[in-house]
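Here the structure is laid out as structure tokens; the discussion comes afterwards.
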Amino acid sequence: EQGEWQDVHALLPLFPGHLFDEEPDLRYVEGLIYAKAGLVQEATKLLERAKFSYTTEQAYGKAVKCSLELARLCLSRDNFRTAYYYLYEEIQPLIERALVTDPHLQARFFLRMAELCPDIGKLRIAADYAQRAFTVYKTVGDVTGQFYALVRLAGTANHLGNYGEAASKLELAWSCYTAGNLGANAKARLLNLVIHQNWYQGNVPEALAQAYAYLALVDQEQFSNFRVYARMLLGNLHRALGQFDQAQHWYDATSHLVAELNYTFYAPWIDAQTAWLRVLEGRQNEARTLLHASLKTSDLGQAMSFQVFLAV
């Protein structure tokens, strides 16, 4: 779970083929490898099969690991309703009935709920879950867990306009990042937070400079989701500065990358952000057409946001 998935992948052919039908642990590991490789459908099938076997054997802790990874995959694809099902309907009852008492698993559940809640309209509850995760991680001495809980707390505080609280949590997160030597993925998340903190407080030129540094990092490390978001973020920041040509350039760049990665679930967001640009340019009819296209999304949370743009 913490190692190099490519190395684990190289070991799998050493196992007899029949074991993959008999041993849920192998299906779980293979599912994780497919998930790391971005093969979502293959990963989902393997993790679902492993989860069914674990549940049948009453190995509830291992079943929770499967559900947590399935929820993460759903969140990475903005499939919030299915993620909510895995977390709230499958994992939470096991924790409430004390069938899963491992503090690390409980903390991972709290953190995943904190990640999901803002996308289903429960922003303040997200802070409660993130605080619970932080408390558990601090109790067990898990610096990495503390870091990700603090990142979530800082992000939630930013969205709520509590910028002093956000800055405090961000400072603690930087300390955990340094102490744990947590690597490029963690640094990307910190940069993203700093960018949004400056943007929300009106320091847009500073946010823009940081966004270019963020883009360079995530492109170098090939973080697919972050690469898409970095480009859209640059479009939004140039748009906020009234630099409409540059904004259009970055929305186009986002579209090209989404097509290259086959991340079609991002397409409605690109339409919506481009529509906002058209509104600012005074091209309302084009904006309306783009927003009607974006509203074809099956995600209700996205549709709510896009309808706000349409109302404008």
Q | Donor + acceptor pair across side chains of Asp271, Tyr251 (<3.5 Å) | A | no
Q. Between Tyr263 and Ser224, what is the shortest heavy-atom contact and its length?
A. OH-CB, 3.4 Å
Q) Leu153 and Leu160: same hydrophobic cluster, using ILVMFWY side-chain contacts below 4.5 Å? A) no
Q: Run the numbers on Val136 and His104 for side-chain contact (heavy atoms from CB on, under 4.5 Å), then give the verdict.
A: CA-CA 8 Å; Val136 176; His104 290 91; over 6 Å; no
Q) Hey, is the main chain of Cys74 close enough, under 3.5 Å, to the side chain of Thr82 for a donor-acceptor pair? A) no
Q | Heavy-atom check, side chain of Tyr54 versus side chain of Tyr28, under 4.5 Å | A | yes
(Q) Taking Leu291's backbone N and O only, do any of them form a donor-acceptor pair with Ser294's side chain (distance below 3.5 Å, no angle check)? (A) yes
Q: Write down the atom of Ile33, the atom of Leu12, and the distance for their closest heavy-atom approach.
A: CD1-CD1, 3.6 Å
Q) Do you know which two heavy atoms are closest between Ala10 and Pro13, and how far apart they sit? A) O-CD, 3.4 Å
Q | Enclosure of Phe223 CZ (heavy-atom neighbours >12, cutoff 6.0 Å) | A | yes
Q. Less than 4.5 Å apart, any side-chain heavy atom of Pro205 and any of Leu241?
A. yes
Q. Hey, does the side chain of Gln106 reach the backbone of Val100 with a donor-acceptor pair shorter than 3.5 angstrom?
A. yes
Q: May I ask you to decide whether Arg231 forms a salt bridge with Asp219, counting only side-chain N to carboxylate O separations under 4.0 Å?
A: yes
Q. How far does OH of Tyr84 sit from CD of Glu89, to the nearest 0.5 angstrom?
A. 6.5 Å
Q. Is there a donor in the side chain of Arg288 and an acceptor in the side chain of Asn285, or the other way round, less than 3.5 Å apart?
A. yes
**Q.** Side chain proximity check, Leu32 to Leu46, heavy atoms < 4.5 angstrom
**A.** no
Q: Step by step, work out the side-chain contact (heavy atoms from CB on, under 4.5 Å) result for Tyr266 and Asn225.
A: CA-CA 10 Å; Tyr266 276 116; Asn225 275 25; 3.7 Å; yes
(Q) With a 4.5 Å cut-off on side-chain heavy atoms, are Arg278 and Trp276 touching? (A) no
**Q.** Hydrophobic cluster identity match, Leu217 and Ile195, side-chain contacts under 4.5 Å
**A.** yes
Q. Please walk me through it: do Arg239 and Asn236 pass side-chain contact (heavy atoms from CB on, under 4.5 Å)?
A. CA-CA 5 Å; Arg239 186 184 67 197; Asn236 292 347; 3.4 Å; yes
Q. Do Val151 and Leu116 belong together in a cluster built from hydrophobic side chains that touch within less than 4.5 Å?
A. no
Q.
Can you tell whether the side chains of Arg112 and Glu115 come within less than 4.0 Å, N to carboxylate O?
A. yes
Q.
Treating Asp142 as the side-chain partner and Gly145 as the backbone partner, does any N or O pair qualify as donor plus acceptor under 3.5 Å?
A. yes
Q | Residues, nucleotides or ligands: over 12 heavy atoms within 6.0 Å of Glu171 CD | A | no
(Q) Would the distance check show the side chain of Gln201 and the main-chain N or O of Gln197 forming a donor-acceptor pair, the cut-off being under 3.5 Å? (A) yes
(Q) Under a 4.0 Å threshold between the charged nitrogen and the carboxylate oxygen, would Lys169 count as salt-bridged to Glu165? (A) yes
Q) Can you check whether Ile270's main-chain N or O pairs, donor with acceptor, with Thr274's side chain at less than 3.5 Å? A) yes
Q | Over all atoms of both residues, closest heavy-atom pair of Cys176 and Gln146 | A | SG-CB, 4.1 Å
Q. Does a donor on one side chain and an acceptor on the other come within less than 3.5 Å for Asp252 and Gln248?
A. yes
**Q.** Leu191 side, atom CG; His196 side, atom NE2 - distance, nearest 0.5 Å
**A.** 12.0 Å
Q) Would you find a donor on one side and an acceptor on the other, under 3.5 Å apart, between the side chain of Ser76 and the backbone of Leu73? A) yes
Q. When you look at Leu190 and Phe147, which way does the side-chain contact (heavy atoms from CB on, under 4.5 Å) test go after all the steps?
A. CA-CA 10 Å; Leu190 286 172; Phe147 168 83; 3.6 Å; yes
Q: Kindly compute the distance separating OG1 (Thr56) from NZ (Lys51), expressed to the nearest 0.5 Å.
A: 10.0 Å
**Q.** From OG1 (Thr156) to CG (Asp128), nearest 0.5 Å
**A.** 9.5 Å
Q | Other residues, nucleotides, ligands: >12 heavy atoms within 6.0 Å of Arg283 CZ | A | yes
(Q) Atom CD of residue position Gln41 - does it have more than 12 heavy atoms of other residues, nucleotides or ligands inside 6.0 Å? (A) no
Q | Under-4.0 Å salt bridge between Glu48 and Lys45 | A | no
Q) Rounded to the nearest 0.5 Å, how far does CG of Leu68 lie from CE of Met113? A) 11.5 Å
Q. Considering all heavy atoms of both residues, which atom of Ala114 and which atom of Ala130 are nearest to each other, and what is their separation?
A. CB-N, 3.6 Å
Q: Return yes if some donor-acceptor pair links the side-chain N/O of Asn198 with the main-chain N/O of Val194 below 3.5 Å, else return no.
A: yes
Q. Hey, are Glu260 and His256 close enough side-chain-wise for a donor-acceptor pair under 3.5 Å?
A. no
Q | Salt-bridge present (Glu57, Lys62; N to O < 4.0 Å) | A | no
Q.
I'd like to know whether the aromatic ring centres of Tyr214 and Tyr212 sit less than 6.0 Å apart in this structure.
A. no
**Q.** Gap between atom CG of Leu234 and atom OH of Tyr229 - 0.5 Å precision
**A.** 10.5 Å
Q) Linking I/L/V/M/F/W/Y whenever any side-chain heavy atoms sit under 4.5 Å apart, do Met232 and Phe309 land together? A) yes
Q | Polar side chain donor-acceptor pair, His238 to Gln243, under 3.5 angstrom | A | yes
Q. Quick one: are the ring centres of Tyr177 and Trp174 less than 6.0 Å apart?
A. yes
Q) What do you reckon, are the aromatic ring centroids of His159 and Tyr200 less than 6.0 Å apart? A) yes
Q. With the 4.5 Å side-chain cut-off for hydrophobic clustering, are Val279 and Trp250 part of the same group?
A. no
Q.
Ignoring hydrogens, what is the shortest heavy-atom contact between Trp199 and Ala240? Give both atom names and the distance.
A. NE1-CB, 4.1 Å
